[in-house]
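Within every chain, numbering begins at 1; the chains are lettered A, B, ... in the order of the sequence lines, protein sequences first and strands thereafter.
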Protein chains: 2
Amino acid sequence: MRLRTPSDIGALIRERRRALGLDQRTLALRVGVSRQWIVEAEGGKRGAPVGLVLRTLETLGVGLRAGEDAAPAPGGRTVGAAVDIDGILAAHRRKGVAKR
Amino acid sequence: MRLRTPSDIGALIRERRRALGLDQRTLALRVGVSRQWIVEAEGGKRGAPVGLVLRTLETLGVGLRAGEDAAPAPGGRTVGAAVDIDGILAAHRRKGVAKR
DNA sequence: TCAATATGTCGTTGTACGACGACTTATGAA
DNA sequence: TTCATAAGTCGTCGTACAACGACATATTGA
């Protein structure tokens, strides 16, 4: 499963929680958060602290792995990110210049 | 790379940012956060919102994948997490869940 | 029917977070 | 040396968040 948004993570949490037969209250107890937090996390709350999210996933027995990604930024305003090789090389070459 | 804590994510961000030859200011600009936020995120700030973290990673061209994990909860107070088959089965039996 | 459970939602409150600005240190170039 | 950039840190402030408690719906079972 590929995770791009908080909603993805929320769906993952819900899916795994149900697969394990846990209710929200029990999961909340184990993770050490409030039940409401679980509700909102599953709903894809954008502001959920990454620390709690990681704890939750770990409690559910789900591991997160990072993979270099050849094709970034597919669907977002997220950025003009991509990799901008020119900028990178320029910065590397001259190290300092770039001038903003 | 396996991500377990905010520190792991911070290290990942720093590593990828440097690999791409970006400075904190530029990355912050692209992600849409303050430079200070990048500093703290790289330092493994516990509270960083998962939404921003995901945006950052995506900007860096890093994808996150979830994998079911056979061996959970290695080093944390994190819990008696694991899977607790008994509880699961009990819950399932009681409800005739199947429902899913 | 009523009772219990699971989930979602609504207020309230204290706290932590993120943005902004400025300062400091370190490194490298002119 | 001086100057510019990069990175880290501090203080302030407004806002978002997580916890708590309570209530509203299903849904299921007695």
Seminar exercise, completed: From CD1 of B:Ile13 across to C1' of D:dA7 the rounded distance in Å is 16 Å
Dump the pairs, protein N or O against N or O of nucleotides 24-26 of chain C, anything under 3.5 Å, distances to one decimal.
none

For nucleotides 8-11 of chain D, which of its nitrogen or oxygen atoms have a protein nitrogen or oxygen under 3.5 Å away, and what is each distance?
| unit_1 | atom_1 | unit_2 | atom_2 | d |
| --- | --- | --- | --- | --- |
| D:dG8 | OP1 | B:Arg14 | NH1 | 3.2 |
| D:dG8 | OP1 | B:Arg14 | NH2 | 2.8 |
| D:dG8 | OP2 | B:Arg14 | NH2 | 3.1 |
| D:dG8 | OP2 | B:Gln24 | NE2 | 2.4 |
| D:dG8 | N7 | B:Arg35 | NH1 | 3.2 |
| D:dG8 | O6 | B:Arg35 | NH2 | 2.9 |

Exercise. Less than 4.5 Å apart, any side-chain heavy atom of A:Leu54 and any of B:Pro6?
Worked result: yes
Problem set entry | Integer-rounded Å distance: D:dA6 P and B:Leu29 CG | 12 Å
Exercise. What's the spacing between B:Arg55 CZ and B:Arg30 CZ if we round to 0.5 Å?
Worked result: 14.0 Å
Exercise. Can you tell me how far C1' of D:dA26 sits from CG of A:Asp23, to the nearest Å?
Worked result: 16 Å
Each nucleotide N or O in nucleotides 12-17 of chain C that has a protein N or O under 3.5 Å away: list the pair and distance.
none

Problem set entry | Identified side chain to side chain contact (heavy atoms under 4.5 Å, CB included) partner of A:Leu57 from the options A:Val31, A:Leu12, A:Leu52 | A:Leu12
Exercise. What is the distance from CG of B:Leu22 to C1' of D:dT5, rounded to the nearest Å?
Worked result: 15 Å
Exercise. Can you find a pair of side-chain heavy atoms, one from A:Arg14 and one from A:Gln24, that are under 4.5 Å apart?
Worked result: yes
Exercise. Can you tell me if A:Arg46 uses its side chain to pair, donor with acceptor, with the backbone of B:Gly51 under 3.5 Å?
Worked result: no
Exercise. Roughly how far apart are B:Ile13 CD1 and B:Leu22 CG, rounded to 0.5 Å?
Worked result: 12.5 Å
For this session: Would you check if B:Asp8 and B:Arg2 make a side-chain contact, meaning some heavy-atom pair closer than 4.5 Å?
Result: no
For this session: Find the distance between OG1 (B:Thr26) and CG (B:Asp23) and round it off to the nearest 0.5 Å.
Result: 3.5 Å
For this session: Answer whether the closest heavy-atom distance between the side chains of A:Leu3 and A:Leu64 falls below 4.5 Å.
Result: yes
